[in-house]
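For reference, the structure is listed below as C-alpha cells.
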Amino acid sequence: MFEKIRGLIFKLDPETAHNLAIKTLKFNFIPNKKVQQNNLLETKIFGKKIPNPIGIAAGFDKDAEVYNSLFKLGFGYVEVGTITPLKQYGNPKPRVFRLEEDEALINRLGFNNSGSDKVRSRILSSPPTGLLGINIGPNKDTKDRVKDFLVGLRKFHDIGDYLTINISSPNTENLRNFHNDEEMGELLEEIQTEKDKLKTNIPIAIKISPDLEFKSIDKICEILIKNKISTVIISNSTDRTRENLKNINKLEKGGLSGKPLENKSNFLINEFYKSFKSDITIIGVGGIDSGRSVYEKIINGAKLVQLYTGMVFKGPNIVFKINNELIEIIKKTGVNNISELRGSKK
Ligand SMILES: Cc1cc2nc3c(=O)[nH]c(=O)nc-3n(C[C@H](O)[C@H](O)[C@H](O)COP(=O)(O)O)c2cc1C
C-alpha cells in the first residue's frame with residue numbers, strides 16, 4: 001500500500017506529510033496484525049521484556065500523541081519528545097527537507113512542542129501499552145538550561161520507563177556544549193542530586209552527537225559511569241557529512257539523518273562499546289531501514305536500536321519487515337537470542 005502512495009506523499013512538503021501521518025495514527029485504526037513474538041528478538045531492558053529491540057526515535061512523536069499506535073505498528077518501544085518545559089513553536093518553516101536520492105532528511109525544527117504540562121497530562125490520560133521513553137530538552141530562550149532539564153526530570157520521572165537527556169540537537173544553539181567535560185559533569189551531577197531528592201530510580205539515557213571529537217570518547221564514558229548514567233543513545237543527526245550527497249537541498253542548515261549517517265553512527269557505537277569498562281546500554285540510531293542495518297548496529301555494540309528516517313522512506317510496515325529479515329539473519333548465526341550478538345564484530 002505505502003509503495004503505491006509514496007509518490008503522492010512525496011509531493012507534499014515533508015512537514016505537512018508528517019502532520020498527516022500523525023493525524024492518521026491518532027485514529028489508532030491500525031489493522032490488528034499480530035505483533036511478532038519471537039524468542040530470537042525478545043529483549044530485556046530497564047527490568048522489562050520488550051518484543052523486539054527496535055524503537056521509534058525521538059522527533060517522530062514529539063508531543064506524545066500517537067505512541068500507542070506506534071506500538072501497534074510493531075515497535076518494541078517508543079521514545080517521545082523532545083519536550084521542553086514551556087511550549088515553543090520552533091524555527092520558521094520550511095524546516096524539514098527530504099533528500100530522496102540520498103535516503104536522508106535534513107531538519108531544523110528546533111524543538112517545536114506543546115510543553116511539559118500538556119504532554120504530561122496527555123500521557124496520564126492515555127496509559128502506554130508498551131515501554132515508553134521520554135526525551136527532554138531546554139527551551140530556546142531559557143536563562144538556565146540545566147534547570148530546564150531538571151524541570152523535565154520532575155515532570156516525567158514518575159510516568160516514563162526511562163528519560164533521555166538530549167544534549168545533541170544541532171538546532172538549539174550551543175546545546176552541544178554539554179559534550180564538554182565540565183558542562184556534562186555539572187549537568188549529570190545536578191540530575192543525580194535531583195533524582196535523589198525525588199527518590200526516583202528512573203533510568204537516564206543521554207543522547208549524543210555524531211559530531212563529537214573522537215578523542216573525547218574515553219573521558220565522556222568516564223563521566224557517564226561516574227554519574228550513574230545507564231544508557232547512551234548514539235546518535236542524533238549530524239551537521240556535517242554533506243560532501244557526497246546528491247540532492248539539491250544538501251546544504252540546508254540543520255541535522256542530517258538517514259543513510260548518510262549510518263557508517264558514522266556505527267563507528268561511534270563501536271568506539272563507545274570498546275571504551276566502556278562497565279555495562280552501559282548503547283542504543284544505536286542512524287540510517288536503520290533493514291534487518292541487515294540493525295544487525296550491523298548490534299554487532300558493533302548496541303543493545304537496542306531506533307529509527308526515524310527509514311520509516312519516511314519505507315513506510316509504516318518497516319518494523320514488521322525488519323523483524324522478519326532479522327529473524328532470518330539471526331537463525332543463520334545459530335544463537336538463541338539477538339542479545340548474544342552484541343559487540344560480536346570481528
Ligand atoms: C524530522 C526529525 C526531527 C527530529 N527531532 C528530534 C528531537 O526532537 N529530539 C531528538 O533527540 N532527536 C530528534 N531527531 C533525531 C532522531 O531521533 C535520530 O537520532 C536521527 O534522525 C537519526 O536516526 P535516523 O537516521 O533513523 O533518522 C529528529 C530527526 C528528524 C528526522
Side-chain angles (χ1 to χ4, degrees), residues 13-19 21-22 54-64 70 75 77-84 88 90-91 93-99 102-114 119 133-140 149 152 162-172 175-176 178 205-211 231-239 241 249 252 254-266 268-269 282-290 293-294 296-297 302 304-314 318-319 322:
D13 148 78
E15 193 168 347
T16 309
H18 177 76
N19 293 340
I22 296 286
I54 302 157
I56 180 94
F60 185 86
D61 189 10
K62 276 187 185 275
D63 263 343
L70 292 164
F75 284 103
Y77 66 109
V78 171
E79 185 169 316
V80 296
T82 297
I83 302 149
T84 54
Q88 67 181 27
N91 291 317
K93 295 178 184 175
R95 50 193 186 174
V96 186
F97 303 88
R98 207 184 281 116
L99 284 66
D102 305 299
E103 293 181 67
L105 295 174
I106 292 177
N107 91 83
R108 51 169 179 267
L109 287 162
F111 291 167
N112 52 316
N113 76 106
S114 316
V119 174
I134 303 176
N135 179 311
I136 57 175
N139 277 110
K140 179 173 181 243
F149 279 112
Y162 72 94
L163 288 187
T164 298
I165 305 293
N166 182 7
I167 57 163
S168 48
S169 167
N171 302 313
T172 297
L175 182 64
R176 290 175 165 194
F178 281 114
I206 187 157
K207 184 162 179 181
I208 61 157
S209 158
D211 305 320
T231 305
V232 56
I233 304 183
I234 308 171
S235 69
N236 214 314
S237 50
T238 170
D239 59 10
T241 328
N249 289 320
E252 286 291 342
L256 172 72
S257 59
K259 274 296 162 198
L261 177 61
E262 186 173 15
N263 287 343
K264 198 172 192 181
S265 151
N266 290 355
L268 273 180
I269 290 167
I282 296 175
I283 299 183
V285 204
I288 287 182
D289 67 346
S290 63
S293 56
V294 174
E296 284 295 324
K297 286 213 168 21
L304 302 178
V305 299
Q306 294 178 334
L307 64 86
Y308 181 160
T309 307
M311 187 152 81
V312 171
F313 287 94
K314 299 269 162 84
I318 188 166
V319 193
I322 289 182

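Residues take their numbers from the sequence shown, with the count starting at 1. Note that ligands are numbered from 1 as they come in the structure, with each ligand's atoms numbered from 1 the same way.
- Under 3.5 Å, the side chains of Asn166 and Ser168 contain a donor-acceptor pair of N or O atoms.
- Taking a cutoff of 4.0 Å between a charged side-chain nitrogen and a carboxylate oxygen, Asp289 and Lys259 qualify as a salt bridge.
- Under 4.0 Å is where a charged nitrogen must lie from a carboxylate oxygen, and between Asp239 and Arg176 at least one such pair does.
- Using a 4.0 Å cut-off between charged nitrogen and carboxylate oxygen, Asp211 and Lys264 count as a salt-bridge pair.
- By the side chain to side chain contact (heavy atoms under 4.5 Å, CB included) test, Val232 pairs with Ile206, Ile208, Leu224, Ile234, Phe276, Ile280, Ile282, sequence neighbours left out.
- For the 3.5 Å distance criterion, the side chains of Asn107 and Ser257 fail to qualify, holding no donor opposite an acceptor.
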Quick one: ligand 1 N/O to protein N/O pairs below 3.5 Å?
{"residue": "ligand 1", "atom": "5 (N)", "partner": "Lys62", "partner atom": "NZ", "Å": "3.3"}
{"residue": "ligand 1", "atom": "8 (O)", "partner": "Lys62", "partner atom": "NZ", "Å": "2.8"}
{"residue": "ligand 1", "atom": "8 (O)", "partner": "Thr82", "partner atom": "N", "Å": "3.2"}
{"residue": "ligand 1", "atom": "8 (O)", "partner": "Thr82", "partner atom": "OG1", "Å": "3.4"}
{"residue": "ligand 1", "atom": "9 (N)", "partner": "Thr82", "partner atom": "OG1", "Å": "2.7"}
{"residue": "ligand 1", "atom": "9 (N)", "partner": "Asn166", "partner atom": "ND2", "Å": "3.4"}
{"residue": "ligand 1", "atom": "11 (O)", "partner": "Asn135", "partner atom": "ND2", "Å": "3.0"}
{"residue": "ligand 1", "atom": "11 (O)", "partner": "Asn166", "partner atom": "ND2", "Å": "3.1"}
{"residue": "ligand 1", "atom": "11 (O)", "partner": "Lys207", "partner atom": "NZ", "Å": "3.0"}
{"residue": "ligand 1", "atom": "12 (N)", "partner": "Lys207", "partner atom": "NZ", "Å": "3.0"}
{"residue": "ligand 1", "atom": "14 (N)", "partner": "Ala58", "partner atom": "O", "Å": "3.3"}
{"residue": "ligand 1", "atom": "17 (O)", "partner": "Ala58", "partner atom": "O", "Å": "2.7"}
{"residue": "ligand 1", "atom": "17 (O)", "partner": "Lys207", "partner atom": "NZ", "Å": "2.8"}
{"residue": "ligand 1", "atom": "19 (O)", "partner": "Lys207", "partner atom": "NZ", "Å": "3.0"}
{"residue": "ligand 1", "atom": "19 (O)", "partner": "Ser235", "partner atom": "O", "Å": "3.0"}
{"residue": "ligand 1", "atom": "25 (O)", "partner": "Gly258", "partner atom": "N", "Å": "2.8"}
{"residue": "ligand 1", "atom": "25 (O)", "partner": "Gly287", "partner atom": "N", "Å": "2.8"}
{"residue": "ligand 1", "atom": "26 (O)", "partner": "Tyr308", "partner atom": "N", "Å": "2.9"}
{"residue": "ligand 1", "atom": "27 (O)", "partner": "Thr309", "partner atom": "N", "Å": "2.9"}
{"residue": "ligand 1", "atom": "27 (O)", "partner": "Thr309", "partner atom": "OG1", "Å": "2.6"}

